[in-house]
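Position 1 is the first residue of the sequence; numbering continues from there. Quick caveat, the model's predicted, so the values are computed rather than measured.
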Amino acid sequence: MRIEVCLELLGSAVLDGVAARHTREQAGTGEIGEDDGHGMHEREQALRVTVDALEVCFTFAGHSARTSPGESCMNRFRSPLLSGLLAVLLLPAMAPSSAFAAPSRVLLVVSSEGRDQGKTRPGFEMDEFAQAWLILKQNGFDIDVASPRGGAVEADKYNPTEAFNAAVLADSQAMGKLAATLPTAQLRAGDYQGVLVIGGKGAMFDLPADKALHATIAGIWQQGGLVAAVCHGPAALAGVRLPNGRAMVEGRAMTGFTEEEEALFGKRWAKEFAFQLEPRMRELGARWQEAPLMMPKVVVDGRLLTGQNPFSTAALADAFVRASGRVPLARQAWRDERSMALVEQHLQQRDGQAAQILAQRPSDHHVELIGMLGFYQLKAAKNATATADALSIMQLASPHMDEPRLQVAMAEAHWRLGRTDLARSQVLAVLEKQPGLDEANALLARMQP
């Protein structure tokens, strides 16, 4: 067989695979329930067909030169010409679909609503923006930042000394983007490989009504891009419709800020929301998932990626990187991440190892966050198991926190679990130091027979 025939076989094999992929992309764009792995599957099929053609070409060529089959196999990739053909013809089959073509530009969306660090109007969460920005930038993405009105945006109050926030505050590019966000009306979906919507209560006000944003998100989805949102960010997805009129989230697994979390942390603004996030997503047909109150959770359903709360942001950004086809670069976990991971270890293993780690390296963790997590989980607890878990979290933090209200909460947990004597003694110990502590006196009164 001459080299011209080999070229024809190889070209046909590759073109058949590419054509099959193109046909599916034209026919199946944007359909709910589409298999988001089809593109890679079809590239693999094209590659296998091409390799089969190579086997026929090179083996036959080897026999024509009066070599043994074994010698032919050993020599088949030694020819510079054939090696060049292999590289040129296989690249189209192995190349990612157009949604992931260079440049790797992604979009972060924040609310324009914020005023006075959230005092008069809620804005976006700087903690979430900072973690997403840093992880995406570290992994080589070009990042645009947009908001409904464009221009400067204001975050709710945050801790500027937290490592991720300090890093972003020192990043002139990031701060410049926040000072001059792109108006969503000027966005073009074709410029982006994906979008990640940042949360904060402001997202519940302006993002659900932003039709330009909805069109951009729908366009990114239709072209095979990634759509991600964290905390209240999924509110932006409520208005996203596909060409067939169906909600983008219909039938898809997702998460976001839960009703349970909203009841505890959204009291000031929730009554002004156009809708509550979790019920609306369920109404639209989303398959809602959630972790216990304020625990990290990321849900990946094909190209839709969502995070439950601020403590899910870093894991969501890592998942976004992986979904883009990249391997996330190694990084040191921030102390909030380490703290949440320690709590998960503590609840799963119950062997004292987490307490030992915290005792050895308390400064590596956010002890107050751990204590507050247990405190609020107790407020939300509806059964003995949840109450016991909340107590266990508070006990993990207690040796490192001099906070009488935490001691009172632990006493209440003991009381709920039927340990009245232990609860009473703990409350009395608090009152001995602070006789006027209202929470302690109120609990003691409730415990009276």
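The CD1 atom of I198 sits 9.5 Å away from the SG atom of C231 when rounded to the nearest 0.5 Å. Atom CD1 of I217 and atom OH of Y192 lie 12.5 Å apart (nearest 0.5 Å). Rounded to the nearest 0.5 angstrom, R149 CZ and L182 CG are separated by 15.5 Å. Atom CZ in R303 sits 9.0 Å away from atom CD in Q223 (nearest 0.5 Å). Within the model, atoms CE of M248 and CD of Q222 stand 10.0 Å from one another, a figure rounded to the nearest 0.5 Å. Considering CG of D206 and OG1 of T184, their distance stands at 8.5 Å, rounded to 0.5 Å.
Looking only at distances, no side-chain donor or acceptor of D156 sits under 3.5 Å from a matching main-chain atom of E125. Between the K177 side chain and the D144 main chain, no donor and acceptor come within less than 3.5 Å of each other. Distance alone, capped at 3.5 Å, is enough to place a donor-acceptor pair between the E154 side chain and the Q117 backbone. Judged purely by atom type and a 3.5 angstrom limit, R338 uses its side chain to pair as donor or acceptor with the backbone of A333. Looking only at distances, a side-chain donor or acceptor of S339 sits under 3.5 Å from a matching main-chain atom of H366. Side-chain N or O atoms of D210 include one that pairs as donor or acceptor with a backbone N or O of L213 at under 3.5 Å. Of the possible donor and acceptor atoms, none in the side chain of S392 sits under 3.5 Å from a partner among the backbone N and O of A388. Panel note: side chain T181, backbone V145; no donor-acceptor pair is recorded below 3.5 Å. In this structure a side-chain-to-backbone donor-acceptor pair under 3.5 Å is missing from E278 to T258. In this structure, the side chain of T216 engages the main chain of A212 through a donor-acceptor pair within 3.5 Å.
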Worked check of side-chain contact (heavy atoms from CB on, under 4.5 Å) between L108 and L136: CA-CA 10 Å; L108 292 181; L136 295 177; 3.9 Å; yes
Verdict with supporting geometry, L444 and R424, side-chain contact (heavy atoms from CB on, under 4.5 Å): CA-CA 7 Å; L444 189 61; R424 182 177 288 107; 4.0 Å; yes
Worked verdict on E261 versus Q308 for side chain to side chain donor-acceptor pair (under 3.5 Å): CA-CA 10 Å; E261 291 166 341; Q308 179 171 324; 2.8 Å; yes
Evaluation steps, side-chain contact (heavy atoms from CB on, under 4.5 Å), between V343 and I370: CA-CA 7 Å; V343 169; I370 296 173; 3.9 Å; yes
Residue pair V106, V195: steps toward the side-chain contact (heavy atoms from CB on, under 4.5 Å) verdict: CA-CA 6 Å; V106 296; V195 56; over 6 Å; no
Derivation and outcome, side chain to side chain donor-acceptor pair (under 3.5 Å), residues Q345 and Q353: CA-CA 8 Å; Q345 176 186 339; Q353 288 295 315; 5.6 Å; no
Audit row: S312, N309, side chain to side chain donor-acceptor pair (under 3.5 Å) steps and yes/no: CA-CA 5 Å; S312 310; N309 48 48; 3.1 Å; yes
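No salt bridge links E412 with R405; every basic N to acidic carboxylate O contact stays at or beyond 4.0 Å. For the pair D389 and R350, the salt-bridge criterion is met [side-chain N within less than 4.0 Å of a carboxylate O]. Comment: D301 engages R252 in a salt bridge, judged by a side-chain N to carboxylate O separation of less than 4.0 angstrom. Using a 4.0 Å cut-off between charged nitrogen and carboxylate oxygen, R331 and D318 count as a salt-bridge pair. Residues D171 and K137 are paired through a salt bridge, judged by an N-O separation under 4.0 Å between the basic side chain and the carboxylate. Between D364 and R361 there is a salt bridge, with a side-chain nitrogen of the basic residue lying less than 4.0 Å from a carboxylate oxygen of the acidic one.
You'll find the side chain of M372 stays beyond 4.5 Å of the side chain of V367, heavy atoms only. Taking the side chain as every heavy atom from C-beta outward, L417 and L391 approach each other to under 4.5 Å. The shortest distance between side-chain heavy atoms of Q193 and R105 does not fall below 4.5 Å. L169 is listed as a side-chain neighbour of Y158, based on a closest heavy-atom distance under 4.5 Å. Looking at heavy atoms from C-beta onward, E344 lies in side-chain contact with M295 at the 4.5 angstrom threshold. A 4.5 Å side-chain heavy-atom check between N441 and L431 finds at least one atom pair inside the cut-off. Between L226 and W221, the closest side-chain pair of non-hydrogen atoms is not below 4.5 Å. Within the 4.5 Å cutoff, the side chain of M294 has no heavy atoms near those of the Y376 side chain.
In this structure, R446 fails the cation-pi test against W415, since its NZ or CZ atom is not both closer than 6.0 Å to the six-membered ring centre and inside 45 degrees of the ring normal. Judged by the 6.0 Å distance and 45° axis criteria, R121 is positioned over the aromatic ring of F205. Figure legend: R280 and F275 shown as a cation-pi pair, the cationic atom lying under 6.0 angstrom from the six-membered ring centre and within 45 degrees of its axis.
What you find for P310 and T313 is that their closest heavy atoms are O-OG1, 2.8 Å. When all heavy atoms of Q138 and L329 are compared, the pair lying nearest together is O-CD1, 3.1 Å. Looking at every heavy atom in both residues, L443 comes nearest to V408 through CD2-O, 3.5 Å. The two atoms that bring R416 and A381 nearest to each other are NH1-O, 3.7 Å, heavy atoms only. What you find for E128 and G200 is that their closest heavy atoms are OE1-N, 4.1 Å. Across all non-hydrogen atoms, the minimal contact from H346 to A354 is CB-CB, 3.6 Å.
Within 6.0 Å of atom CG in N383, more than 12 heavy atoms from other residues, nucleotides or ligands are found, so the atom counts as buried in its surroundings. Other residues, nucleotides and ligands contribute at most 12 non-hydrogen atoms within 6.0 Å of the NZ atom of K433. E272 CD: more than 12 foreign heavy atoms inside a 6.0 Å radius.
Looking only at atom types and distance, the side chain of W288 has a donor-acceptor partner in the side chain of E290 under 3.5 Å away. In the model, R326 has a side-chain atom that pairs as donor or acceptor with a side-chain atom of S104 under 3.5 Å. Judged by distance alone, the side chains of N165 and D127 do bring a donor and an acceptor atom under 3.5 Å apart.
The only member of H232, K201, Q276 that meets side-chain hydrogen bond (donor to acceptor under 3.5 Å, both in side chains) when paired with E262 is H232.
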